[in-house]
Amino acid sequence: MSEEIRIGVYVCHCGLNIAGVVNVKEVVEYAKTLPNVVVAKDYVFMCSAPGQAMIKEDIKEHKLNRVVVAACSPAMHEPTFRGVLGDAGLNPYLFEMANIREHCSWVHPDDKEAATEKAKELVRMAVAKARLLEPLEKIKSAVRPAVLVIGGGVAGLRATLDLVERGFDVYLVEKRSVLGGNAVKLGELAYTTLTGKDVVNSLVEKIKANPKAHIFLNSEVEKVDGSIGDFRVTVTRRLGEGKEEKIELNVGAIIVAIGYDPYEPAIGEYGYKTTDKVVTLFQLMDILSEEGPTKGELLIGGIRPKSLAFILCVGSLSTTPNAKPYCSRMCCSASLKTILKIKEKYPDIDVYVFYKDMRTYGKEEDLYWKAIENEVKFIRFDEAPSVKPRDKFVEVEAFDTTIQERIAIPVDAVVLANGMVPATDTEKIRIMLKIGCGADGFLKEAHLKLRPVEALTDGIFLAGVATGPKNIIESIASGSAAAAKAATIVTKEEIEVEPLIARVNEDMCSGCGICAALCPYEAITIEVKEDGKRISKVNSMLCKGCGTCAAACPSGAMQQSGFKDNQVMAQVVATFRGE
Amino acid sequence: MSEKPKIALYWCASCGGCEEAVLDLAEKVLDLVNAVDIVFWPVAVDFKIEDVEKLPDKSITASLINGGIRLTEHEKVVKLLRQKSQYVIAYGACSAWGGIPGLANLYKREELLSRAYFEVPTVVNEEKVLPRTYKDEELGIEVEVPEVLPRLLPLDRVIEVDYYVPGCPPTPDVTWNAIQALLSGNLPPKGSVIGASSKALCDECPLNETKPDKLLIKEFKRITEFTPDPEKCLLAQGLPCLGPVTRGGCGALCIKANMPCTGCFGMLDNVSDYGAKALSFLASILDVEDEKEVERQVKEKIADLVGRLYRYTLPSSKLGGKVFKR
Amino acid sequence: MKPVVVVGGGIAGIQAALDLADQGVKVYLVEKSPSIGGRMAQLDKTFPTLDCSSCILTPKMVAVDRHENIELLTYAEVKEVVGEPGNFKVKILKKPRYVDVDKCTGCGQCVMKCPVKVPNEFNLGMDMRKAIYIPFPQAVPLKATIDPEHCLYFTKGVCRVCERFCPPKAINFNQKPEEIELNVAAIIVATGFSLDDARKRGEYGYGKYPNVYTNLEFERLLSSTGPTKGEIVRRSDGRHPKKIAFIQCVCSRDELTNKYCSAICCMASTKEAILAKEHLPDVECTIFFMDVRAFGKGYQEFFERAKQEFGVRFVRARPAKIEEDPKTRNLIVYYEDTETSRFTKEEFDMVVLAVALRPILPESLVKSGLIQPDNYGFADVPEMYIEPVRASKPGIFVIGVLQSPKDIPDSVIQAGAAAMRAAIYAISG
Amino acid sequence: MAEFKPKIVVFACNWCTYAALDLAGTSRMKYPANFRVIKVMCSGRVDPQFVLEAFKQGADGVIVAGCHPGDCHYVNGNMKTLRRMTMLKKMLEEMGIEKERFRLEWISAAEATKWVQVANEMVEQVKALGPLKPRLEVKE
């Protein structure tokens, strides 16, 4: 038989904030009449040290097993009073708060009688719920002190280096045979003589020197099970001659840094691939790189162009039917940076930039000023320019919105500033990790503003262009940021999760599957038991406790701890009457 | 010789199907008759109320009552049976929750009487006579005609009910399980449902395993729109099958006939309002984010929400029926 | 393990502190004003999701307050830093609040009783606060502070009304400044920005014409906790505007003031125009811009929605000047529409200027050479390609707008990056 | 006859509407004392059974309130609320409960003013309709 319910009710004056409107003594006397209430008291500041001490003493003296505090909003002091219960040796979840300040005294100052009546009812509702509360334990799970990084581009490398320097084992899985991703082809970077390759090398050298780093090249993640703190990962490594090996890893967190693909223009889009005089910006940066096909010499279609046209927003801003609707962020600055490097080496070259919006944001505006100083000519378009290959040159034609005229400029070569598209693996990774992606096809962060490197699934973090276009500096910063998030997990021996989550009563569950379809966190799965019967299972590490599954569960088998049907229903009933 | 347990059977507002259901036990009826003494069963045996009145209190082991409480007479008889019985069993959907006759609670008593006695095309009642108690001059007696109650009530709103046997009607297996439980005395806590499953129909539905990983639908469908694939969960095909919210134990008879469950086994132990819960799960899986579209689908595909979702349980619902302005 | 100091309690500082503290590193978060929250607390909603700014920020502020590894030093400033990476000595001055924070419950009785009214800096001086005040309803810590420059007791030696009415007796006029010295492994600086002085662009009449606003002022007008409780009304006559002009690049991309782009204004103005439309469905909003810098995730889509769904008008022009009609106090904007090469003027009844962001560099760190300003005055990041948040001196990190103009997500990312790098010093310290 | 003081039950999500009510308090806004708020973590937790129970117990009105679409703390719990409550509204109408007695509202944590407006409006509307309890024929 269950123990006798013994409730203590504590009504706070909050100075005059409550007591100035609500007749606190009357509320206390009323609370004493409620079933199971064995003690009811008031105090000027219940959250103060003496107030807390009073509750602790009463818990011991009156053998209280439920506590109700009628005071301010639980948003403020629920954790405080839960702590009080814990200190007194009572389960912190046997606590309920009645908000008689924000929801009562402060908003009904002119009607003291109504406010007092309401305060009594709020206490009655809290007591009704408290009576049905159950002790809950935070859910704990051991954490594996290692991290999986998927993708060896700059973001993945930065994350790996940070975490190994921080003292954790990192498994870096890269699909290709080399590390560095797209950055190695970027040539010389803006404001420096460093190349993308230099950046990659400096990171890789330090990583390779650290015994905590475990690099898997030619490898892909095949399967991921488990959840935050304890992911079980299967990696397949290609060994050549069609042979493969499987590697099993066990990590506490995962960083996804799968990068992007440069937008590949369609054949004929701005003359692409119909003449060797049209190249993409990525191809041009490769040409200009010391290790490129021309050892850094500017040669396009076999000749050294005397004039160049850059067309921006190729593949972006819906400029052509194939183009993506979003902005690729880095192409304006990357184009201008490249132009300035070319101008340094070949001052006589004429450069025309066809653009829609010049997006050299922040300090990169500097590149725009410098380009103007270097007599780069800018032509603004609304409608994408057309590129017409002629015998010896290429003609770029566009309607210049500034002078309101259609102009045609003959140039020796055309550079298409192509944007970024989600890496081909994005979809596969997304499904495997059960993380979302947005309409743009990039991985979706938990919150665009404040949780930009976290996936919706706990324990999985996102770095670099995997979530959307970024320049190299931003990608590197996001690698460190994702590493910091991963470190917050793997630094702990155990992680704790709030217990106000969904739980299923298996004796009542028919495995109908309604709950599983609704869960935004993929925390519910339908398991098939030995007898072939289906049953719902909640992964308590994934559940965030919204309770939408409980509201939908047609058999009442799914309940949310702390907000069970009978608990909420008791509050509803108590709104209107006592027991 | 030890006395056999005494059993009473009675019907209130019901279609008679529950009476048939007892006979559907087939040869097992003979086992039943051998095992018990039937002391009252107006439809089959010629005992009168007076015979019951003469029995000592609590002398009947169990009374199986079907049908909802619609008339003052029902009220009177069930109270008598309560007094004379150890166990009262609400047998069948109508008795347990009001059943199909309970849908009358969407109308006022006056509307119902007017419809039944004046408006139905086959009725000829020029003098607008309504059933009432009157004095038969020839016989010289008062002819007592029971009164229609303002609302139909489930049995447990009138007398205490010990156990419930669900179904419209209860299937032979469910009936036999219940009777066996009663006779063996191996009974769950008072107020329980006996004879059926403790889980929803999906648990025993042969199509449960065909459900997709994400049971979401873009549109409700009407059964008249298409022939459902008999190998695939009907809900997943867009039919608002009520299997998930309905107690199992029927053997998924409708599903086997390629028809969606309409809910005649009622709600499960943790549910207090069948229709609300049915609504909640159906709305949940309708993967539509536009309010207008939800409204359209309800209007065009479900039409009569209360009739559909409270087909067997309206009088036992939280509101009990339609709320009329005074 | 050694602690880390985070200087600045805006969103970047808050996030850095949380990311460190969650790694088990002890953090001192130093904020010069009475509450953390920074600029983000002043915003109504954020682009492109239109999330309510305080709703998403407040939980983080509360988390900072409750974190066992974070010690919050509000109303405090860093005075001096010496030392080397892994071992910095930081002197912090805690200004007196004249309120005992252990006793103060934030009930606000004192504020109600205080007789002195002072321009409210949280609402950019558009309304008044008291000499004892809580900066905004969600302030963390939710404690009162006496502003000695205006308090009657400090200026004239009389009053002490707050003391009389304070229920828990928390007022203490005898509090003295307190100096704290910390030994820390690393320092993260996130001191943020202020707007440049819009008067530098005198042709737009800010400070002269009452109905010309800065975008931050407009943000407070939109907010339900602002001076007008979320009503968009004109300073001159309290009437709802019918036509609002938003002018971009005021003191940005400008040879005379700041050559750089302030990065956030295009989207901020787009958002403000949308919110204005939500507040006043009939209002016409025009944005005068040079290039629409919708470069972040979801920004271009947001810009398209503003045009198509909300009917915000975009004009590619940098207005030449604004004149006021002295009778109506309406504003006549002179501009050349560069897409039609037409010179024209147009009358508006409210103008909102998107003013450039200026970094706030902490003097103490600049003086000691730990942070070097770049040629624009932002904190320099010499190793930007390898360590994008490291200042001139290793062990010192500069994040947020202090380092370059940026939006909230980029500031949050930098905060995480700095927390990661600082944690490495902390564990080896 | 005593003045009719309607009682209205509010199911509010923790993150937006409950916070908006708190803000109304800290901002010392005034609204009628007719509301009793029951907190749930997400409006998606509101089981239609709760709403019916409230009416059964004698609520003259019920408000279910949560974050604006797109703002849900739990990704899209409020969209499930939208579906459920849209259907419930229709069913309540079939059951004779006037639509003015049941509202679904999106009130963000900053919209204390909106809450006050909704509260005033709701009280007025429900007062005009009169009490619901005497119409119910449910026996306990």
Side-chain angles (χ1 to χ4, degrees), chain A residues 1 132 431-432 434 436 439 502-537 546-560 563-570 572-573 575-576, chain B residues 188 193 196-218 233-236 240-250 252 255 261 263 265-287 289 309 318:
Chain A
M1 196 52 218
L132 297 168
I431 293 166
M432 187 166 64
K434 297 179 191 150
R503 284 159 223 259
V504 67
N505 179 341
E506 293 194 5
D507 294 337
M508 292 183 161
C509 174
S510 70
C512 71
I514 305 289
C515 52
L518 298 183
C519 181
Y521 305 101
E522 312 265 355
I524 308 178
T525 44
I526 299 297
E527 250 176 40
V528 182
K529 295 204 298 184
E530 276 172 23
D531 60 1
K533 295 283 193 187
R534 286 159 48 104
I535 209 110
S536 174
K537 287 267 184 209
C546 66
T548 196
C549 55
C553 175
S555 56
M558 189 67 85
Q559 293 289 336
Q560 184 188 5
F563 296 89
K564 292 175 91 169
D565 283 356
N566 64 342
Q567 293 165 345
V568 181
M569 220 76 103
V572 175
V573 174
T575 307
F576 298 92
Chain B
V193 167
S197 171
S198 62
K199 293 193 178 192
L201 176 62
C202 292
D203 180 64
E204 66 199 56
C205 176
L207 303 179
N208 204 23
E209 63 192 37
T210 70
K211 281 195 175 125
D213 285 345
K214 291 262 178 213
L215 183 52
L216 294 172
I217 53 174
K218 286 283 173 204
C233 169
L234 299 176
L235 197 51
C241 174
L242 296 176
V245 70
T246 304
R247 187 181 292 276
C250 61
I255 309 295
C261 171
F265 266 49
M267 66 213 120
L268 290 140
D269 292 345
N270 256 14
V271 175
S272 53
D273 189 296
Y274 182 93
K277 209 75 245 215
L279 177 143
S280 190
F281 98 80
L282 284 174
S284 298
I285 63 165
L286 182 62
D287 192 13
E289 300 207 334
L309 304 182
K318 294 202 189 277

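The model shown is predicted, which means the values in this text are computed figures rather than measured ones. Sequence lines set the chain letters: A, B, ... in the order given, protein chains first and strands last, and positions in each chain run from 1. In what follows, every heavy atom counts, from backbone to side chain, and hydrogens, waters and symmetry copies are set aside.
For the atom pair CD1 (A/I526) and SG (B/C202), the distance works out to 10.0 Å, reported to the nearest 0.5 Å. From B/K277, atom NZ reaches atom SG of A/C553 across 6.0 Å, with rounding to the nearest 0.5 Å.
The two atoms that bring A/K533 and B/E204 nearest to each other are NZ-CA, 4.0 Å, heavy atoms only. Shortest non-hydrogen contact noted between A/A552 and B/F281 is O-CB, 3.3 Å. The minimum heavy-atom distance linking B/L215 with A/C512 is given by the pair CD2-O, 3.6 Å. B/S272 and A/M569 get closest at one heavy-atom pair: OG-CE, 3.6 Å. In terms of heavy atoms, A/P554 sits closest to B/V271 at O-CG2, 3.4 Å.
Of all the listed residues (B/C233, B/A276, B/P244, B/C205), the one sharing the greatest number of non-hydrogen pairs under 4.5 Å with chain A is B/P244. Your options are B/N208, B/L201, B/V245, and the one with the most heavy-atom pairs under 4.5 Å with chain A is B/N208. The choice from B/S198, B/G248, B/G243, B/A200 that makes the most heavy-atom pairs within less than 4.5 Å of chain A is B/A200. The choice from A/G511, A/G513, A/C509, A/A517 that makes the most heavy-atom pairs within less than 4.5 Å of chain B is A/A517.
Neither the backbone nor the side chain of A/C515 comes within less than 4.5 Å of any heavy atom in chain B. Interface remark: A/N505 contributes no atoms to any contact with chain B (heavy atom separation under 4.5 Å). Contacts between B/S197 and chain A at a heavy-atom distance below 4.5 Å are absent for every atom of the residue. In this structure, chain B has a heavy atom under 4.5 Å from the side chain of A/L518, while its backbone stays farther away. Neither the backbone nor the side chain of B/L279 comes within contact range of chain A; no heavy atoms are under 4.5 Å apart. For chain B, the nearby part of A/E506 is the backbone; its heavy atoms alone come within less than 4.5 Å.
By the 6.0 Å contact criterion, CG on B/D213 is open, its count of non-hydrogen atoms from other residues, nucleotides or ligands being 12 or less.
A/M508 has its side chain within reach of B/N270: a pair of non-hydrogen atoms, C-beta onward, lies under 4.5 Å apart. When side chains are defined from C-beta on, A/I535 counts as touching B/K199, because their heavy atoms get closer than 4.5 Å.
Remark: the backbone N or O of A/A551 is paired with a side-chain donor or acceptor of B/S280 at under 3.5 angstrom.
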